[in-house]
Amino acid sequence: MSADGKTVVNVAGMFPYKETGFASVGPLIDPSMYLAIDEINANADLLPEHWLVGAHEDTQCSGSGAIKAVIAHQLALDGVEPDVLIGGGCSGGCQSSALVAEAWQTPEIGWACTNIALSDKVTYPYFLRTTAPESAVAKVFNAVCEDHGWKKISFMTENQDLFR
């Protein structure tokens, strides 16, 4: 409980900060989490009985980095699990942290995790995403090709885990 009797909701932001073959977007992304928390807390019509508190950790855009970030959040809360996870910034990180979210029965909102495996609600029942899975991209390209009458297209890819 907060000082004014509201239920505290601990929001654990998980963003890639260190370069690991993927842009370190944490410094660009985490301010939006804090802005959203401030907006929610300032609006008496949104979650009126709750007070959101945010903290962020570096996932390093990796599975092990995401696990370290989740543990760091729990340690910062004196062993208590966060109420919601926001992140991990990469599918590998989300796949790891989503398993922890399932064990804790804590929702995780992935903002950039596109791996189709994360759509498996048996394995990742507490994972939600704000971006489409990779499988949706094929449908979009197909529609664009049909709309333009294209018979062939080509793709260039990057050879990083993020893009495999």
Side chains of residues 75-83: which donor-acceptor partners sit under 3.5 Å, not counting sequence neighbours?
from	atom 1	to	atom 2	distance (Å)
Asp83	OD2	Asn10	N	2.6

I'd like a table of donor-acceptor pairs (distance under 3.5 Å, sequence neighbours excluded) in which one partner is a side-chain atom from residues 35-50, with atom names and distances.
from	atom 1	to	atom 2	distance (Å)
Asn41	OD1	Leu52	N	2.9
Asn41	ND2	Ile37	O	3.4
Asn41	ND2	Leu52	O	2.9
Asn43	OD1	Asp45	N	2.8

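Heavy atoms from other residues, nucleotides or ligands lying under 6.0 Å from NZ of Lys121 number more than 12.
The side chain to side chain contact (heavy atoms under 4.5 Å, CB included) check on Ala117 picks up Gln95, Asn115, with sequence neighbours excluded. For Ile67, the side chain to side chain contact (heavy atoms under 4.5 Å, CB included) test picks out Ile71, Ser96, Val100, with sequence neighbours left out. For Ser119, the side chain to side chain donor-acceptor pair (under 3.5 Å) partners two or more places apart in sequence, or in a different chain, are Arg129. Evaluation of the side chain to side chain donor-acceptor pair (under 3.5 Å) rule for Ser97 yields Glu108 as partners, not counting sequence neighbours. With sequence neighbours excluded, the residues that form a side chain to side chain contact (heavy atoms under 4.5 Å, CB included) with Thr123 are Leu99, Asp120.
Grouping the Ile, Leu, Val, Met, Phe, Trp and Tyr side chains by contacts below 4.5 angstrom, directly or via other members, places Val9 with Trp111. Residue Phe15 is grouped with residue Ile109 when hydrophobic side chains (ILVMFWY) are merged at heavy-atom distances under 4.5 angstrom, including chains of intermediate members. Note: the hydrophobic cluster containing Met14 does not contain Leu118 (ILVMFWY, side chain heavy atoms under 4.5 Å, direct or indirect links).
The ring-ring contact (aromatic ring centres under 6.0 Å, His included) pairs that include a residue from residues 54-83 are Tyr17-His56, Tyr34-His56, where partners are two or more places apart or lie in different chains. Residue pairs that meet the ring-ring contact (aromatic ring centres under 6.0 Å, His included) test with at least one member in residues 114-144, sequence neighbours left out, are Phe141-Phe155.
Contact detail for Ala66 and Gly93: the closest heavy-atom pair is CB-O, 3.2 Å. The two atoms that bring Cys145 and Ile153 nearest to each other are SG-CG2, 3.4 Å, heavy atoms only. Taking each heavy atom of Pro16 and Gly88 in turn, the nearest pair found is CD-O, 3.8 Å.
Apart from Val122 itself, the hydrophobic cluster it occupies contains nothing, where clustering links Ile, Leu, Val, Met, Phe, Trp and Tyr at side-chain heavy-atom distances under 4.5 Å.
Judged by distance alone, the side chain of Thr106 and the main-chain N or O of Ala101 form no donor-acceptor pair under 3.5 Å. Judged purely by atom type and a 3.5 angstrom limit, Thr59 has no side-chain atom pairing as donor or acceptor with the backbone of Gly65.
Cysteine sulfur proximity is satisfied for Cys94 and Cys113, their SG distance being under 2.5 angstrom.
Side-chain contact between Val11 and Val53: absent, with no pair of heavy atoms (C-beta onward) separated by less than 4.5 Å.
Remark: Leu85 CG to Glu57 CD distance equals 12.0 Å, nearest 0.5 Å.
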